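Quick caveat, the model's predicted, so the values are computed rather than measured. Numbered from 1 within each chain, the chains take letters A, B, ... in sequence-line order.
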Amino acid sequence: APKGAWCPACGLAALAPTTQRDALIALAKQSILTKLRLQDRPNITHPTSRGALLTALHRMRAQRVDVAVSPGMPHDGSIPHLRPGMGLQEYEILSFAESGSSTSRSVRLHFHFTRELTGSTEILQATLYLFWAVPGPRTRPVTVRLLQPDAMGLNMTVASKTWLKVQRPGWATLDVGQAVQSLFGQGSQRLTVELEVPEDWGSPVLAGRSDSHWPFVAAQARARTPHRVQRR
Amino acid sequence: GIDCSGDSRMCCRKEFFVDFKEIGWEDWIIQPEGYHMNYCTGLCPLHMAGIPGLAASFHTAVLNLIKANNADAAVDSCCVPTQRRPLSLLYYDRDSNIIKTDIPDMIVEACGCT
């Protein structure tokens, strides 16, 4: 740069090495947080166990290979797999269930999604994974209700209801893409799943939270295309 | 592109690694262990303008001399990224959900003169 003029790139070189390093680290932090649409770094209250994380990642990969949708949710027009966005940032989200209220024959599970995601992304697909530890086949199905808060946010309304036949112990999947998409559309951040088992089942037999078979929702989302104003 | 080394003053790529453990972010960023926040630095004399990286061939050197002799016709030239790649992150969000995303164009692979 001409004498005396301030050269942005040189400015850094003029700093003392430690000051330069601090400036670069601050820049790196800010850059990552901005790109993740975070105000500040999140504080982790209950990290997921490594076992549950690895099991979930393995299940998602196996599911992709099978490309088989579970017998549970009838295809009620789930989200059409939108063409992968050219260059738009995509997200894979793993949301592990938080236990809600339960009775002798039903249990509620809550799945939370942050505002950063619900406000700026569109859901491409979402799948609920449930692991049944029942000893043997059950003739009568489990009732699965997807609940979401009503307009006032006071009561829970049934967004959809389906029946899940559990033939043997193991993982079952349900397509919840439509429900999660409509949640995001209403600006809500919590999906509630209610599982109700027939009388002869005893309590809903789901693995415990500490176990690596805890229920989770795996979703794929994509950043919304920036709103373009067409000038005519 | 050229990596900066020793006292090279020409346009080059400066490597800079941010270790997430060093900055206390390893609890919420599961993978990777750090971020290569490389950047471009160095001079772009006018006869280097428009050539990615430094001159590496006789033809380019001659081209540079022609440019240098017509220096007054040229404009300023800057040392900028010519190749970049995404930063893949696996991290916890505020609700302890686990998110995987690829942030485009976050890692500078090569630098050159505009």
Checking side chain to side chain contact (heavy atoms under 4.5 Å, CB included) for the pair B:I99/A:E92: CA distance, chi angles, key distance, verdict?
CA-CA 6 Å; B:I99 316 276; A:E92 293 193 51; over 6 Å; no
Atom CD in A:Q20, atom CZ in B:F16: separation rounded to 0.5 Å?
8.0 Å
Derivation and outcome, salt bridge (Lys or Arg N to Asp or Glu O under 4.0 Å), residues B:R94 and A:D40:
CA-CA 10 Å; B:R94 276 186 294 123; A:D40 201 343; over 6 Å; no
Nearest heavy-atom neighbours spanning A:P47 and B:Y92:
CB-OH, 3.7 Å
Distance check, rounded to the nearest 0.5 Å: B:S96 atom OG versus A:N43 atom CG?
10.0 Å
Heavy-atom pairs under 4.5 Å with chain B: which of A:T45, A:I25, A:V217 has the most?
A:I25
Name all residues meeting the ring-ring contact (aromatic ring centres under 6.0 Å, His included) criterion together with B:F20; count only those two or more places apart in sequence or in a different chain, and write none if there are none.
none
Counting C-beta onward and ignoring hydrogens, is there a side-chain heavy-atom pair between A:Q89 and B:D102 closer than 4.5 Å?
no
Counting C-beta onward and ignoring hydrogens, is there a side-chain heavy-atom pair between A:I93 and B:I98 closer than 4.5 Å?
no
Do the non-hydrogen side-chain atoms of A:I32 and B:M106 ever get within less than 4.5 Å of each other?
yes
Using side chain to side chain donor-acceptor pair (under 3.5 Å) as the criterion, list what pairs up with A:S102, not counting sequence neighbours.
none
Gap separating the CD1 atom of A:I44 from the CD1 atom of B:I29, nearest 0.5 angstrom
10.0 Å
I'd like to know if A:E90 and B:K100 make a salt bridge, using a cut-off of under 4.0 Å between side-chain N and carboxylate O.
no
What is the distance from atom CZ of A:R37 to atom CG of B:D93, rounded to the nearest 0.5 Å?
13.5 Å
Heavy-atom distance under 4.5 Å between the side chains of A:L38 and B:W28, does that happen here?
yes
Got more than 12 heavy atoms from elsewhere within 6.0 Å of CD, B:E33?
no
Got B:N97 and A:F96 here, is their nearest side-chain heavy-atom distance under 4.5 Å?
no
Could you state the interatomic distance from CD1 (B:I30) to OG1 (A:T48), rounded to the nearest 0.5 Å?
7.5 Å
Quick one: CG on A:L36 to CD1 on B:I103, what's the gap to the nearest 0.5 Å?
4.0 Å
Are the side chains of A:L24 and B:Y39 in touch, meaning some heavy atoms are under 4.5 Å apart?
yes
